[in-house]
Number of protein chains: 2
Amino acid sequence: MTGSRGLLPPGGVDFNQPCVVRDVVDRVGDRWSMLVLAHLADMPQRFNALHRAIGDISKQVLSRTLRRLEEDGFVSRTVHDVTPPQVEYALTEMGSSFLEPLRALIGWAEAHHQAIVVARENFGSAQKAGATRTRA
Amino acid sequence: MTGSRGLLPPGGVDFNQPCVVRDVVDRVGDRWSMLVLAHLADMPQRFNALHRAIGDISKQVLSRTLRRLEEDGFVSRTVHDVTPPQVEYALTEMGSSFLEPLRALIGWAEAHHQAIVVARENFGSAQKAGATRTRA
DNA sequence: CCGGATCCCCTGGGATACTG
DNA sequence: CAGTATCCCAGGGGATCCGG
């Protein structure tokens, strides 16, 4: 018994209107945010350290991502006034608390990744077979 | 103590390479997928029912969203062969299991939504003040 | 009723080059 | 070192019209 009906509280989560969830997903659901948060979970890190750790992200985009995460209070940015400059990024208390649902998501993803791959293959085959998918 | 260091398993989640999580987030992290899943959590529904329930989504996009969710095995599509045609969408077992991490995310979002709003305001003020943000 | 086809726009993401 | 400035492109999202 994995499922659980009644996700939305009776009366309906305010999922549409100001849409709290979308507000969050819009920020954190992009290509890099979660990855950055996951890296910062290990320890606070400097800009180039993050850049190297992540690898295939441009400085431009990393900068934008960090900026948005800072703006929304997920990470803090601290400038150490030395030469050469050092800027340290760290999770805030809030950013840290986000690791919990994030871990849930990661767990689910790892558990079902294979199933998704299979589903895609099946779907592809069904398409080629000319079926209109499931019929009743 | 909300946080919890060590999100990534020692050795590092295979978060970058084939990136399981991104694979999932890329599908479910778009503008509508989670919303659709949440609506289907209540009960299986037909196309136009979903369309009306969600409101400000175009049929085109709803169609694409459902197609992708079906392709990845989150929802099932059943054609009832009557006139006029009826097509019923429902969560699969896997789609149902996704409600769990989704609920975690919703919970977090509702709990911290206000904090995010505040953070944005503070950030805005700090910017106008001309500060280079946090300094040490 | 359930979409597919088409067209448009806008944003996110990337490459490259340049500064304090 | 830690970014910003520019330019570009692909894809997501929307509007509208048409077909089975």
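By convention in this document, chain letters (A, B, ...) are assigned in the order of the sequence lines, proteins followed by strands, and residues within each chain are numbered from 1.
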- Item | Phosphate OP1/OP2 of C/dC1: any B/Arg46 side-chain N/O under 4.0 Å | no
- Message: Please confirm whether the shortest side-chain N or O distance from A/Arg67 to OP1 or OP2 of D/dT4 is below 4.0 Å.
- Response: yes
- Looking at the side chain of B/Phe47, which of C/dC2, D/dG3, C/dG13 is the nearest nucleotide? C/dC2
- Query: Considering only C/dC1, C/dC2, D/dT4, which nucleotide approaches the side chain of B/Pro84 most closely?
  - Reply: C/dC1
- C/dC2 phosphate, OP1 or OP2, under 4.0 Å from B/Ser63 side-chain N/O: no
- Just how far, in rounded Å, is P of D/dC1 from CG of A/Leu50? 13 Å
- Task: With sequence neighbours excluded, tell me which residues meet salt bridge (charged side-chain N to carboxylate O under 4.0 Å, His left out) with B/Arg27.
- Result: B/Asp72
- Is it the case that A/Ser33 and A/Asp30 place a side-chain donor and acceptor less than 3.5 Å from each other? yes
- Taking only residues two or more places apart in sequence or in another chain, which ones pass ring-ring contact (aromatic ring centres under 6.0 Å, His included) with A/Trp32? none
- Message: Please determine whether a side-chain nitrogen or oxygen atom of B/Tyr89 lies at a distance below 4.0 Å from atom OP1 or OP2 of C/dC1.
- Response: no
- Message: Can you measure A/Leu62 atom CG to D/dC1 atom P for me and round it to whole angstrom units?
- Response: 14 Å
- Query: Can you name the residues that form a side chain to side chain donor-acceptor pair (under 3.5 Å) with B/Thr65, not counting sequence neighbours?
  - Reply: none
- Just by protein heavy atoms under 4.0 Å, how would nucleotides 14-20 of chain C read 5' to 3' in B, S and -? BB----B
- Can you tell me which residue pairs pass the ring-ring contact (aromatic ring centres under 6.0 Å, His included) test with a partner in residues 57-86 of chain A, sequence neighbours excluded? A/Phe74-A/Phe98, A/Phe74-B/Trp108
- Starting from P on D/dG14, measure out to CG on B/Asp30 and report it in whole angstrom. 10 Å
- Interatomic distance, B/His80 NE2 vs D/dG20 P [rounded to whole Å]: 23 Å
- Message: So for the helix from C/dC1-D/dG20 to C/dG20-D/dC1, with five pairs setting each end axis, what is the inter-axis angle to 10°?
- Response: 50°
